[in-house]
Protein chains: 2
Amino acid sequence: MLTIGKLGQAAGVKVPTIRYYEQIGLLPEAERSAGNQRLYSRKALDRLTFVRHARELGFTLDAIRDLLSLSDHPDQPCAAADAIAKAQLAEIEKRLARLASLKVELNRMVVQCAGGKIADCRVIEVLSDHSLCATDHRHLQDEKDH
Amino acid sequence: MLTIGKLGQAAGVKVPTIRYYEQIGLLPEAERSAGNQRLYSRKALDRLTFVRHARELGFTLDAIRDLLSLSDHPDQPCAAADAIAKAQLAEIEKRLARLASLKVELNRMVVQCAGGKIADCRVIEVLSDHSLCATDHRHLQDEKDH
DNA sequence: TTTAATGTCTCTAGCTACTGTAGCTTCAAG
DNA sequence: CTTGAAGCTACAGTAGCTAGAGACATTAAA
Ligand SMILES: [Zn+2]
Ligand SMILES: [Zn+2]
Ligand SMILES: [Zn+2]
Ligand SMILES: [Zn+2]
């Protein structure tokens, strides 16, 4: 059995994050020692490692919740898991498209500025007027591109 | 003079967002009518349009605060503004790299799954074990890629 | 064995950039 | 004058943590 600190080290997850995951019900409540400290099994480590890897791949905690409960039913068909992964892929592709567009615009701004006074700064100019932009970055779905 | 609703329409910003910007000091406090309603000048519209455009290009509100105060001093050199834009470009490029890597991994997962039971699902398998990944997506700076 | 250092406990608040709600008041049209 | 839309304030909630306070537990050195 591992203490929460050891578990965190082993999985690469900070201690408060583990407690947070328990609090929101993503991880089951841990067993406790005589002194009320959390104790974790190897199975718990696997679960947390799964969560961490999924987070690194950008899945939301809600999606991970679903993936975890799917992985607890090995006999069921995997279509639901595949659907979650495909949705995540689609989301990432959307963000990529948006960021690519932003990159173009930011680059244009930076390159075009001759570096004089603010009154003539291309950065400030472009920010003031979207019609100076080359792409339709506005219409590419906003946000959640965290 | 515009009411807050007209201003929001003109700038493409929701009314509560305008009030929020005022609250956090990004926009100056608006003048008020006899009945205590906010009134905005054309200059205020320009300012809000600037904010919106900068947000669309992914600048943080803090960066926008700085850009706004720079644009209020047209005689000063634009190096500071350019630096903010360059930092933003660098940030976007970092996110792009990370997302590109995530896309590769997610795509691999989805393509490799033969679609049987959860026990054999490649998606679940890869999520459980990063060594099945092809790239170093872990080491690409995390987060704030909202 | 005492003591000091480290780890863990709970609880609360804060972060970004909003969005939504409730319960009011003001305004413009008919 | 009435009605409905638009405005007001204040507060709560979103995602996914992170940090802090103050108290208790565990381990290792002295
Ligand atoms: Zn410049
Ligand atoms: Zn633009
Ligand atoms: Zn599958
Ligand atoms: Zn991986």
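Every chain is numbered from 1 and lettered A, B, ... according to where its sequence line falls, protein lines coming before strand lines.
Counted within 6.0 Å of CD on B:Gln112, heavy atoms from surrounding residues, nucleotides or ligands total more than 12; the atom is thus considered enclosed. Other residues, nucleotides and ligands place no more than 12 heavy atoms under 6.0 Å from the CZ atom of A:Arg42.
Look at CD on A:Glu91: it is 14 Å from P on D:dA15, rounded to the nearest Å. If you take CZ of A:Arg52 and C1' of D:dG16, they are 15 Å apart, rounded to a whole angstrom. One interatomic measurement links the two molecules: NZ of B:Lys6 to C1' of D:dA5, which rounds to 11 Å at whole-angstrom precision. B:Leu7 places its CG atom 14 Å from the C1' atom of D:dA6, with the value rounded to the nearest Å. Taking atom CD of residue A:Glu31 and atom P of nucleotide C:dC9, one finds them 13 Å apart after rounding to whole Å. Distance B:Leu39 CG to D:dC8 P: 9 Å, rounded to the nearest Å. When rounded to the nearest whole Å, the span between CG of B:Leu27 and C1' of C:dA17 equals 14 Å. Straight-line distance from the CD atom of B:Gln37 to the P atom of C:dA28: 8 Å, rounded to whole Å.
Distances shown here put a side-chain N or O of A:Ser33 below 4.0 Å from the OP1 or OP2 atom of D:dT26. Checking the phosphate oxygens (OP1, OP2) of C:dT8, a side-chain nitrogen or oxygen of A:Thr3 falls inside 4.0 Å.
Taking for each of A:Tyr20 and A:Ala34 the nucleotide of DNA chain D with the nearest heavy atom, the 5'-most of the two is the partner of A:Tyr20. Along DNA chain D, the nucleotide nearest to A:Gly35 and the one nearest to A:Lys14 differ in position, and the one closer to the 5' end is contacted by A:Lys14.
Considering only the side chain of A:Arg19, C:dT10 comes nearest among D:dT26, C:dT10, C:dT19. Of all nucleotides listed (D:dC17, C:dT8, D:dC8), C:dT8 comes nearest to the side chain of A:Val15. For A:Arg55, whose side chain is taken as the heavy atoms from C-beta onward, the closest listed nucleotide among C:dC18, D:dC8, D:dC17 is D:dC17. If you check D:dG7, C:dC9, C:dA17 against the side chain of A:Ile4, the one that comes closest is C:dC9. Counting only heavy atoms from C-beta on, A:Thr17 has its side chain closest to D:dC17 among C:dG7, D:dC17, D:dG7. The nucleotide whose nearest atom lies closest to any side-chain atom of B:Pro16 is, among C:dT19, D:dT9, C:dA17, C:dT19. For B:Arg32, taking side-chain heavy atoms from C-beta onward, the closest of the listed nucleotides D:dT9, D:dG7, C:dT10 is D:dT9. Distance from the side chain of A:Leu61 is smallest to D:dG16 among C:dA17, D:dG16, D:dT26.
For residues 76-87 of chain A, there are no salt bridge (Lys or Arg N to Asp or Glu O under 4.0 Å) pairs, not counting sequence neighbours.
Between the side chains of B:Asp129 and B:Ser131, at least one donor N or O lies within less than 3.5 Å of an accepting N or O.
Panel note: side chain A:His137, backbone A:Arg98; no donor-acceptor pair is recorded below 3.5 Å.
Of the charged side-chain nitrogens involved, at least one lies within less than 4.0 Å of a carboxylate oxygen, so that A:Glu22 and A:Arg38 count as a salt-bridged pair.
The residue A:Arg38 sits close only to the backbone: its heavy atoms come under 4.0 Å of sugar-phosphate atoms, none of a base. Across all strands shown, B:Tyr21 has heavy atoms under 4.0 Å from sugar-phosphate atoms exclusively, and none from any base.
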